[in-house]
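Reckoned from all heavy atoms, side chains included, excluding hydrogens, waters and symmetry mates.
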Amino acid sequence: MGLFGGGGGMGGRMMGGGGRLIIGAIMAIGALITYFSSSSQNEVTGEKQYISISKEQEIGLGLQATPQIIQEYGGEHPDPEAQALVDRIGQKLVQSTAAGKTGYKYDFHLLADEKTVNAFALPGGQIFITMALLKRLETEGQLAGVMGHEIGHVVGRHSAEQMAKQELTQGLTGAAVLASYDPNNPASYGSAAVAQLIGNMVNMKYGRDDELESDKLGVKFMAESGYDPTGMIRVMEILRDASGKGGSRQPEFASTHPDPENRIQKIKEAIQAQFPNGVPQGLTK
């Protein structure tokens, strides 16, 4: 304690604060460099993306997570005919479009849960729909709309993008926390919490953009596979009704996807772009 302990009060705290700022800056710079050095062009959308894992890693992650997902939703549904329907429509969408040329391993799972209205995709091609959502759909075309949207997430590499963004957010948030948090001042916790909130908001915004892009890709995949893309509009109406009425708990789909009412207009615009002269007759409803 003698020579160094007694004089370490204010000077030590100042050095500590300065050190945290320096380390925080290094963390932030490192996170930014890592993120922006991982750019690639999506072969289907043409979009420039920042992704830090390979397609093989995406496939592996999806396959590893699938058993846990299936368990969480009560297992796979035992009806072989319903599963066969999901498989047939999903594979038709894949084989008829650029999705089938991406190298992903597509598997379609009908989950036994009859209360949670949901559909989602894991990275690499593992796609899921609950029986609760399937039994609300009225036509094959509507199921194709759901499957096309989820295939859009895989093709758009949205999960891989979110992982890279999360790495960046964690790096920057960690830098902000380290730079602003003073263990001798409990009030500084508020600044760290704000930094975390901002990071979450950024990811939420990008997630909503991903949903809209998947709607657009879903319309394209439906049209190329011979399905009437207006079926996706009806899907949005079904989801809206499921959110607004009792009987089952609120759809998980609604908690992670933009408001169906807002998406309908964007879907109409995508259909108009796909068929400027109107949707042709003869497509499967």
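Environment of NZ in K216: sparse, with no more than 12 heavy atoms of neighbouring residues, nucleotides or ligands closer than 6.0 Å. Residue K135 places its NZ atom among more than 12 non-hydrogen atoms of other residues, nucleotides or ligands, all under 6.0 Å distant.
Judged by distance alone, the side chain of T102 and the main-chain N or O of A99 form a donor-acceptor pair under 3.5 Å. Side chain of Q57 to main chain of S54: a donor-acceptor pair is present (N/O by atom type, distance under 3.5 Å, no hydrogens or angles). The backbone N or O of G100 lies less than 3.5 Å from no partner atom in the side chain of Y106, so there is not a single donor-acceptor pair. Distance alone, capped at 3.5 Å, places no donor-acceptor pair between the Q49 side chain and the Q41 backbone.
Contact check for I70 versus H109: side-chain heavy atoms found under the 4.5 Å cut-off. The shortest side-chain heavy-atom distance between E237 and I264 falls under the 4.5 Å cut-off. Between I127 and F120, the closest side-chain pair of non-hydrogen atoms is not below 4.5 Å. Counting only heavy atoms from C-beta outward, the side chains of Q142 and I238 approach each other to under 4.5 Å. Counting only heavy atoms from C-beta outward, the side chains of H149 and R263 approach each other to under 4.5 Å. Counting heavy atoms from C-beta outward, L93 and Y227 have side chains that approach closer than 4.5 Å. Between F275 and V219 the shortest side-chain heavy-atom distance does not fall below 4.5 Å. By the 4.5 Å heavy-atom criterion applied to side chains, E161 and E47 are counted as neighbours.
Between A119 and V146, the closest heavy-atom pair is CB-CG1, 3.6 Å. In plain terms, the two heavy atoms of L212 and K266 that are nearest each other are CD2-CG, 4.2 Å. Across all their heavy atoms, L283 and P229 have their closest contact at CD1-CD, 4.2 Å. Looking at every heavy atom in both residues, T130 comes nearest to D113 through CB-O, 3.6 Å. G145 and M232 get closest at one heavy-atom pair: O-CE, 3.3 Å. Shown here for Q274 and A223, the closest heavy-atom pair between the two residues is CG-CB, 3.8 Å.
Interatomic distance, Q126 CD to I69 CD1, rounded to the nearest 0.5 Å: 10.5 Å. From K92, atom NZ reaches atom CZ of F221 across 15.0 Å, with rounding to the nearest 0.5 Å. If you take CG on D241 and CZ on R234, they are separated by 6.0 Å, rounding to the nearest 0.5 Å. Note: T45 OG1 to K220 NZ = 11.0 Å, rounded to the nearest 0.5 Å. Summarising the geometry, atom OG belonging to S225 is positioned 13.0 Å from atom CE belonging to M147; distances are rounded to the nearest 0.5 Å. Going from atom OG1 of T230 over to atom NZ of K268 covers 10.5 Å, rounded to the nearest 0.5 Å.
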Working for side-chain contact (heavy atoms from CB on, under 4.5 Å), residues L122 and S159: CA-CA 7 Å; L122 291 177; S159 293; over 6 Å; no

Using the rule given for side-chain contact (heavy atoms from CB on, under 4.5 Å), can you reason through L239 versus L133, listing the C-alpha separation, both sets of side-chain angles and the distance that settles it, and then say yes or no? CA-CA 9 Å; L239 291 170; L133 176 54; 4.1 Å; yes

Applying side-chain contact (heavy atoms from CB on, under 4.5 Å) to L134 and L110, what does each step give before you reach the verdict? CA-CA 8 Å; L134 180 63; L110 175 59; 3.7 Å; yes

Would you sort out whether M222 and D228 count as a side-chain contact (heavy atoms from CB on, under 4.5 Å), showing the intermediate values? CA-CA 7 Å; M222 289 178 73; D228 185 337; 5.9 Å; no

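Remark: the E211 side chain and the H158 side chain contain no N/O donor-acceptor pair separated by less than 3.5 Å. With hydrogens and angles left out, the side-chain atoms of S214 and H153 include a donor and acceptor closer than 3.5 Å. A donor atom on one side chain and an acceptor atom on the other are not found under 3.5 Å apart for Q83 and H77. Side chains of T116 and N118: no donor on one and acceptor on the other come within 3.5 Å.
In this structure, K115 fails the cation-pi test against Y73, since its NZ or CZ atom is not both closer than 6.0 Å to the six-membered ring centre and inside 45 degrees of the ring normal. Cation-pi geometry between K55 and Y104 is met: the NZ or CZ atom falls under 6.0 Å from the ring centre, inside 45° of the normal.
Look at R88 and E140 and you find a salt bridge, because one of the NZ, NE, NH1 or NH2 atoms lies within 4.0 Å of a carboxylate O, short of that distance.
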